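Predicted model, so just to flag it, every value in this text is computed and none were measured. The basis for the numbers below is simple: all heavy atoms, side chains too, and nothing from hydrogens, waters or symmetry mates.
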Amino acid sequence: QLQASGGGLVQAGGSLRLSCAASGRTFSVYAMGWFRRGPGLERKFVSAITWTGNTTVYTDSVKGRFTISRDDAKNTVYLQMNSLKPEDTAVYYCARTLRPPINSLFSYDYWGQGTLVTVSS
């Protein structure tokens, strides 16, 4: 089970940290990803981290503003979001995969329930 949290309402320029807690004992073998679905839009890739934590990838629109990380001891993946913009408003989902490419939603086989991020202008 994947439980996302940390969403909320923030002003443009502000920060939020999303967390995704996983249950079970195999968290460390999975690559983890964050995706988002904005109002009226399809779900899109935001960021992902390999199972080793050595490689991270980001969609261009969040590079330099968002940072993904993982703590395998806590079975948790994080998404630190800084310099938030109104266009970052979306429901954010975490997911896990054993398959590449980790920037494709089609690679992911298990999803959390989503957490809403609203950025006001």
Exercise. With the 4.5 Å side-chain cut-off for hydrophobic clustering, are Phe27 and Val29 part of the same group?
Worked result: yes

Exercise. Does NZ or CZ of Arg17 fall inside the cone over Tyr78's six-membered ring, less than 6.0 Å from its centre and within 45° of the axis?
Worked result: yes

For this session: Over 60° means perpendicular and under 30° means parallel, so classify the ring planes of Phe66 and Tyr92, tilted if in between.
Result: tilted

Exercise. Does any N or O in the side chain of Gln113 come within less than 3.5 Å of the main-chain N or O of Ala4, such that one atom is a donor and the other an acceptor?
Worked result: yes

Problem set entry | Approximate separation, where rounding is to 0.5 Å, of Ile102 CD1 and Thr50 OG1 | 6.0 Å

Exercise. Between Ser47 (side chain) and Ile68 (backbone), is there a donor-acceptor pair under 3.5 Å?
Worked result: no

Exercise. Is Ser23 reaching over with its side chain to a backbone N or O of Gln1, donor-acceptor style, under 3.5 angstrom?
Worked result: yes

For this session: Mind checking the CG-OG1 spacing from Leu79 to Thr67? Nearest 0.5 Å is all I need.
Result: 8.0 Å

Problem set entry | Gap separating the OG atom of Ser121 from the CD atom of Glu87, nearest 0.5 angstrom | 10.0 Å

Seminar exercise, completed: Looking only at heavy atoms, the pair that brings Leu9 and Ser120 closest together is CD1-CB, 4.4 Å

Exercise. Does Arg65 make a cation-pi contact with Tyr58 (under 6.0 Å, within 45 degrees of the axis)?
Worked result: no

Problem set entry | Sidechain-backbone polar pair: Thr56 side chain, Ile49 backbone, donor-acceptor under 3.5 Å | no

For this session: Please name the pair of heavy atoms, one in Tyr93 and one in Gly112, separated by the smallest distance, quoted to 0.1 Å.
Result: CD2-O, 3.6 Å

Exercise. Is it true that a side-chain atom of Asn75 and a backbone atom of Gly24 form a donor plus acceptor pair closer than 3.5 Å?
Worked result: yes

For this session: Kindly check if the number of other-residue, nucleotide or ligand heavy atoms within 6.0 Å of CH2 (Trp111) is above 12?
Result: yes

For this session: Report the distance from atom CG of Asp72 to atom OG1 of Thr52, rounding to the nearest 0.5 Å.
Result: 9.5 Å

For this session: Measure the CZ-OG1 distance between Phe35 and Thr59 for me, rounded to the nearest 0.5 Å.
Result: 10.5 Å

Problem set entry | Hphob cluster co-occupancy, Phe45 + Leu18, side-chain heavy atoms under 4.5 angstrom | no

Exercise. So, for Leu2 and Ala95, which heavy atoms are closest and what is the spacing to 0.1 Å?
Worked result: CD1-CA, 3.7 Å

Exercise. Can you name the nearest heavy-atom pair linking Ser19 to Thr76, along with the distance?
Worked result: CB-CG2, 4.2 Å

Exercise. Are Tyr108 and Leu98 linked, directly or through other ILVMFWY residues, by side chains that come within less than 4.5 angstrom of each other?
Worked result: no

Exercise. Can you name the nearest heavy-atom pair linking Cys20 to Met32, along with the distance?
Worked result: SG-CE, 4.4 Å

Problem set entry | Lys63/Asp60 salt bridge by N-O under 4.0 Å criterion | yes

Exercise. If two hydrophobic side chains count as joined below 4.5 Å and joins carry through other members, does Val62 share a cluster with Leu105?
Worked result: no

Exercise. Thinking salt bridges, do Asp88 and Arg36 make one under a 4.0 Å N-O criterion?
Worked result: yes

Problem set entry | Donor-acceptor contact present, side-chain Arg37 to main-chain Val91, <3.5 Å | no

For this session: Work out which heavy atom in Pro86 is nearest to a heavy atom in Ala12; give both atom names and the distance.
Result: CD-CB, 4.1 Å

Seminar exercise, completed: d(Arg96 CZ, Thr26 OG1) to nearest 0.5 Å is 5.5 Å

